[in-house]
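All of these numbers come straight from a predicted model, not from anything done at the bench. Throughout, residue positions are numbered sequentially from 1 according to the sequence presented.
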Amino acid sequence: MDKVADLRVLIAGRRVLAVRIDSDLLDRRKDCSALTYSVVDLPGRLEKALLDADVCGVSVGPRGLQVKGPRTTLGSPRA
């Protein structure tokens with residue numbers, strides 16, 4: 001499956017904040033003006049899994065995830 005977007009997730013305590021990054025570029029670092037950013041809500045199961053994965057007691061941590069097609073509803077923008 002092809003990647004359709006990236007998610008940048010920040011876990012702070014028990015809060016999960018996620019931003020979806022959409023781009024048609026192969027290497028999105030080459031032109032940041034071509035990127036679209038959207039604050040998103042993660043599905044409950046994924047959010048719980050990310051929170052439960054904190055086994056080291058770290059209170060803040062970033063995660064990078066990929067959204068792969070054709071099911072592009074993961075990381076859909078907030079209404």
Side-chain angles (χ1 to χ4, degrees):
M1 272 187 226
D2 293 330
K3 179 177 83 166
V4 296
D6 287 301
L7 293 175
R8 293 297 175 259
V9 181
L10 177 66
I11 301 168
R14 298 300 293 170
R15 283 191 71 184
V16 177
L17 309 166
V19 173
R20 179 180 168 133
I21 305 169
D22 287 284
S23 172
D24 291 331
L25 301 173
L26 180 60
D27 184 352
R28 67 178 188 280
R29 297 170 295 179
K30 292 187 181 221
D31 185 6
C32 290
S33 67
L35 306 178
T36 303
Y37 300 90
S38 306
V39 176
V40 297
D41 291 316
L42 298 177
R45 284 179 35 191
L46 177 55
E47 187 171 317
K48 183 179 180 328
L50 289 168
L51 289 169
D52 290 347
D54 177 19
V55 295
C56 297
V58 176
S59 61
V60 176
R63 301 287 188 270
L65 305 173
Q66 291 184 350
V67 180
K68 295 197 174 193
R71 299 175 70 188
T72 60
T73 57
L74 175 64
S76 295
R78 289 183 180 173

**Q** To the closest 0.5 Å, what do you measure between CZ (R15) and CG (L10)?
**A**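 It is 9.5 Å, given to the nearest 0.5 Å.
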
**Q** Can you name the nearest heavy-atom pair linking D22 to A5, along with the distance?
**A** OD1-CB, 3.4 Å

**Q** Got a second to check how far R8's CZ is from L17's CG, nearest 0.5 Å?
**A**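 If we round to the nearest 0.5 Å, R8:CZ and L17:CG are 14.5 Å apart.
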
**Q** Please report the interatomic distance CG(L7) to CG(L46), rounded to the nearest 0.5 Å.
**A**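 These two atoms lie 8.0 Å from each other.
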
**Q** Quick check for you: to the nearest 0.5 Å, what is the distance between D52 atom CG and E47 atom CD?
**A**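 It comes to 10.5 Å.
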
